[in-house]
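Since the structure comes first, as C-alpha cells, the remarks are kept for the end.
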Amino acid sequence: MKISIAIDGPAAAGKSTVAKKVASILGFIYIDTGAMYRAFTYYVLKKGVDPQNEAASCALIPEVKIELLPGGTVLCNNEDVTRVIRDPLVSANVSYIASYKSIRLHLVALQREMAEKGSVVMDGRDIGTYVLPNAEVKIYQIASVETRAVRRYEENIGNGIKCELKQIEEDLRRRDYIDSHRDFAPLKAAVDSVLIDTSFMTVDEVVNAILSIIKRKTAGDRK
Ligand code: CDP
C-alpha cells in the first residue's frame with residue numbers, strides 16, 4: 001500500500017531533519033520541496049534576475065531543470081546546488097519566488113509526480129493543504145521563532161555558513177509572513193493535520209511522536 005506523509009510548518013521548525021529520519025526508518029522516499037524553491041531561487045540569482053520581478057523570474061521556468069537525487073543531492077540543470085541553496089542570500093529571496101503562482105504550479109507538478117512513484121514523506125508549506133490533500137497523515141510542526149532561530153543558527157555554523165542570530169530571526173519572521181500571506185497555496189495548517197509544538201522536544205522525541213501518529217492513522221487501513 002502506498003502511503004503519503006505530509007509535514008508542513010514555518011521556516012526552520014525542524015521539518016526536514018525529522019522528515020528525513022522518519023522516511024529512512026519507514027523506507028519511504030523523502031521529498032524536500034523547500035529545496036526545489038531554493039534551487040529555483042539560486043538559478044534566478046545566478047542569471048542576474050531580480051527575484052522580486054515576477055515576470056522575469058517566471059520567464060525562466062522553461063530553462064530550469066530541478067532534480068532531487070535519493071541521497072539528498074539537489075541538481076539544478078545538472079549542477080550540484082545542494083550546499084549553495086542554503087546560502088543566506090537564497091534564504092532571503094526564496095519566499096518571493098515561492099509566491100509566484102506559475103513557479104508553484106510547475107514545481108507542484110514535479111512533486112506530485114514524485115509522490116506517485118511510492119510511499120513518501122514530503123515536507124514544505126502547502127503539502128497537506130494543496131500538494132497532497134489526500135495524504136494519509138498530515139503533521140503541522142511548529143516551534144517558537146526564538147527556538148527556530150537558534151536551531152537554524154547552529155545548523156548554519158555547523159555547515160560553515162557565516163551568519164548572525166538576529167539576522168536569522170528577522171529572516172524567519174519575514175519568510176513566515178510572506179509564506180502565510182501569499183494568495184496561492186499559503187502556509188497554513190490543514191484542518192485534518194496533527195499539530196506538534198517542538199519547542200521543547202528533541203529530534204528523536206518528534207520522530208517518535210510522528211511514527212506513533214502514522215501507526216495509529218494507518219492501522220485501520222492495514223487490517
Ligand atoms: O528549511 P527552511 O524552513 O528554511 O525552509 P525550506 O523548507 O527550505 O523552504 C524555503 C522556502 O521555500 C520557504 O520559506 C517558502 O517560501 C518556500 N516553500 C514553499 O513555499 N512551499 C513549499 N512546499 C516549500 C517551501
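Just follow the structure's listing: the first ligand is 1, and inside any ligand the first atom is 1.
Counting heavy atoms closer than 4.0 Å to ligand 1, residue Arg148 contributes nothing at all. With a 4.0 Å heavy-atom cut-off, ligand 1 is reached by the side chain of Arg104 but not by its N, CA, C or O. The backbone and the side chain of Arg125 each have at least one atom closer than 4.0 Å to an atom of ligand 1 (non-hydrogen atoms only).
Residue Ser91 is tested with Arg175, Arg38, Arg86 for a side chain to side chain donor-acceptor pair (under 3.5 Å); the sole match is Arg38.
Atoms of ligand 1 lying under 4.0 Å from any heavy atom of Arg86, numbered from 1 in the order shown and given with element: 8 (O). Heavy-atom contacts of Arg38 reach the following atoms of ligand 1: 2 (P), 4 (O), 5 (O), 6 (P), 8 (O), 10 (C) (cutoff under 4.0 Å).
Residue contact annotation: Gln111 has no non-hydrogen atom under 4.0 Å from ligand 1. Within the structure, ligand 1 has Arg152 among the residues with a heavy atom less than 4.0 angstrom away. Under the 4.0 angstrom criterion for non-hydrogen atoms, Ala12 is in contact with ligand 1.
No side-chain donor from either of Thr202 and Asp204 sits under 3.5 Å from a side-chain acceptor of the other.
At least one N or O atom of Arg175, backbone or side chain, sits closer than 3.5 Å to an N or O atom of ligand 1. Checking only distances, Asp123 never comes within under 3.5 Å of ligand 1, N or O to N or O.
When Ile31, Asp126, Thr33 are checked for heavy-atom proximity to atom 24 (C) of ligand 1, Thr33 turns out nearest.
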